[in-house]
Protein chains: 2
Amino acid sequence: MHDRRADATASPIARLIEAFHRLPGIGPKSAQRLAYHVLRAPEEEARTLAAALIEVKERVRLCERCFNVSHQSPCSICLDPSRDRTVICVVEEPLDVLAIERTRGYGGLFHVLHGVISPADGVGPEDVKIAELLARLRDVDTEVHEVIVATNPNLEGEATAMYLARLLQPLGVRVTRLARGLPAGADLEYADDLTLGRAIEFRQEVR
Amino acid sequence: MHDRRADATASPIARLIEAFHRLPGIGPKSAQRLAYHVLRAPEEEARTLAAALIEVKERVRLCERCFNVSHQSPCSICLDPSRDRTVICVVEEPLDVLAIERTRGYGGLFHVLHGVISPADGVGPEDVKIAELLARLRDVDTEVHEVIVATNPNLEGEATAMYLARLLQPLGVRVTRLARGLPAGADLEYADDLTLGRAIEFRQEVR
C-alpha cells in the first residue's frame, strides 16, 4: 500500500516535528503540537528560538574555574566581587547551580562536577571534575574554608560526598552537606521510611 | 539586594530557556532542562532544529484547495491521483488531517476550516474556510458526492456540523459525520453519560 502518511507530513513540517521529537521529554504528539504552534506563531518567535539555539552552541562554554556553563570564562559568579570566596558549593550539574541560586540563600562560589562517582556505571573520580576542585583548594591564593557537598541525596550522591569528605578534610577544609529531613509541606503519615528516619536522626534544635 | 539569579543564567542560556518557555506546554523547568540538553547535545542537533524552524516559516504555506499546511500548493494530498475525489473530509485544524491519515482508513480529500463556528467567541461562518468549501463543491469539475464533517464532538463542533449539513445538502451532497460511541478499550462502567447515551442512540448492527 502507498504510504499516505508520508505525503501528509510533507518535508519541512515533518522535519520540524522530528527535530522537536528528538528533545528529551517531547513525545510524538507534543512534537506535532509544537511544530503546528510554530507554523501559526509570528515568524519572529521561530527566528528567536533558532538564533538562541545557534548562539548557545557557539558562545556557551565551561567556566575554567567552577566548570559551570557560561558565555564567559571565568563566569560571572566566579568574577562577582560580592560573592563569599570562603565557601564552595559542589554540585553535580549546571542545573543544580540554578536551583541553589533561586533560593537566594547562598552567596558563595560553586564547583560543578559534571556527574557523580558511580562504579556501577563505570564512572570513577577521574571522570568528574574532582581533580579540578582539589586544584582550586590547593591554590596558594585560596580563601576557601568550607566545601558544601550538594550532590543528590541518593546512593551515588552520598558516596561522592563521602569520597570528597575523606579527600578534602586532610586539607583542613570543613566539609558539610545539605540537611536531610522532611520536605516543606510534607505529610508525616506519607513520608517514606528513609526520609522520616533521617528526619529523626538529624533532628534539629527548636530555636 | 543584588540579583544573583540574573548572573547565574547569563545571557545566551537565559535567552534559550526563555525561547523554549514561550512554546505552549513548556513550563520554566522543562525549558531549563531542554536548554541544558541542547548545551550537552552535539552541535548538529541544535543546528538541525534551528534550520527546521526557519524552513517551516519560510517554505510552509496553505494549500490553495484544501487549506492544509504544506510546502507546496496544491498540496501532495490534493495532487495525489490515487486519492478518492468523490469525498471530502472537513476538519478543524491541520493536526486533525494528520490524525485521520494515521488511521490509514481514509483515502479521500480534505478541507481544513481553520476553526469552528463559535458565536460565544465571536467566530462566525465567514471567519472559517466555509465559503472556500462551498466554492469547491460548486466547481463545475467537482466529483464530490459526500462530505464527512469531522469536527470535534463538542458544542461548537456539532453546531458547525449542523450548519454545514443545512448548507451542503441542498447542493445534492451527502453530509455525514464521524460515528459517536464508546472509545476503543473503554470500560462501560466508567463511560460518561453523554458518551454512553450516544452509544445507545447510535447503536450499530452486529455483522
Side-chain angles (χ1 to χ4, degrees), chain A residues 1-2 4-5 7-13 15-20 22-26 30 32-39 41 43 45-60 68-72 75-77 80 82-83 93-95 97-98 101-102 104 106-107, chain B residues 1-2 4-5 7-13 15-20 22-26 30 32-39 41 43 45-60 68-72 75-77 80 82-83 93-95 97-98 101-102 104 106-107:
Chain A
M1 191 191 150
H2 170 90
R4 290 204 186 93
R5 192 181 164 193
D7 287 349
T9 60
S11 30
I13 311 171
R15 274 196 290 272
L16 182 57
I17 293 172
E18 204 195 305
F20 273 129
R22 227 174 292 153
L23 295 173
I26 307 285
S30 302
Q32 273 184 20
R33 259 193 301 271
L34 290 174
Y36 281 89
H37 164 81
V38 169
L39 265 177
E43 181 158 347
E45 191 179 322
R47 291 203 177 274
T48 302
L49 176 54
L53 284 161
I54 300 291
E55 194 190 14
V56 146
K57 296 308 280 187
E58 283 179 353
R59 292 191 46 210
V60 174
N68 191 11
V69 289
S70 174
H71 63 296
Q72 58 186 45
C75 72
S76 55
I77 294 180
D80 185 347
S82 74
R83 312 269 324 191
E93 300 292 345
L95 274 179
V97 174
L98 283 191
E101 286 293 277
R102 268 199 305 273
R104 305 204 171 202
Y106 178 71
Chain B
M1 189 191 152
H2 170 89
R4 290 205 185 93
R5 192 179 163 194
D7 287 349
T9 60
S11 30
I13 310 172
R15 276 196 288 273
L16 182 57
I17 292 173
E18 204 196 304
F20 272 129
R22 226 175 292 153
L23 295 173
I26 308 284
S30 302
Q32 274 185 18
R33 259 193 301 270
L34 290 175
Y36 281 89
H37 165 81
V38 169
L39 265 176
E43 180 158 348
E45 191 178 323
R47 292 203 177 272
T48 303
L49 176 53
L53 284 161
I54 301 292
E55 194 190 14
V56 145
K57 295 309 281 188
E58 283 179 352
R59 292 190 46 208
V60 173
N68 192 10
V69 289
S70 174
H71 63 295
Q72 59 185 47
C75 71
S76 55
I77 294 179
D80 185 348
S82 74
R83 311 265 330 187
E93 300 293 346
L95 275 178
V97 174
L98 283 192
E101 285 294 278
R102 266 199 304 274
R104 305 201 171 206
Y106 178 70

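Lettering of chains follows the sequences in order, A, B, ..., and the numbering in each one begins at 1. Scope of the values below: all heavy atoms of this structure, side chains included, with no hydrogens, waters or symmetry mates.
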- Query: Is the closest side-chain heavy-atom distance between A/E55 and B/L16 below 4.5 Å?
  - Reply: no
- A/L49 side chain near B/L49 side chain, heavy-atom distance below 4.5 Å: no
- Query: What pairs with B/E45 under salt bridge (Lys or Arg N to Asp or Glu O under 4.0 Å), at least two apart in sequence or on another chain?
  - Reply: none
- Note on the structure: Greatest number of non-hydrogen atom pairs under 4.5 angstrom with chain A, of B/E93, B/Q72, B/R33, B/H37, falls to B/H37
- Message: Can you tell me which of B/C75, B/A41, B/G25 forms the most heavy-atom pairs within a distance under 4.5 Å of chain A?
- Response: B/A41
In Å and rounded to the nearest 0.5 Å, what is the [atom1] to [atom2] distance from [X] to [Y]?
X: B/N68; Y: A/I13; atom1: CG; atom2: CD1; result: 7.0 Å
X: B/R15; Y: A/R59; atom1: CZ; atom2: CZ; result: 6.0 Å
X: A/Y36; Y: B/L98; atom1: OH; atom2: CG; result: 4.0 Å

- Message: Among residues at least two apart in sequence or on other chains, which ones pass side-chain contact (heavy atoms from CB on, under 4.5 Å) with B/A50?
- Response: A/A50, A/L53, A/I54
- Segment of A/L34 engaging chain B (4.5 angstrom heavy-atom cut-off): side chain
- Task: Below 4.5 Å from any heavy atom of chain B, which atoms of A/E18 appear? Answer side chain, backbone, both or neither.
- Result: neither
- Taking every non-hydrogen atom, the tightest pair across A/K57 and B/V38: NZ-O, 2.8 Å
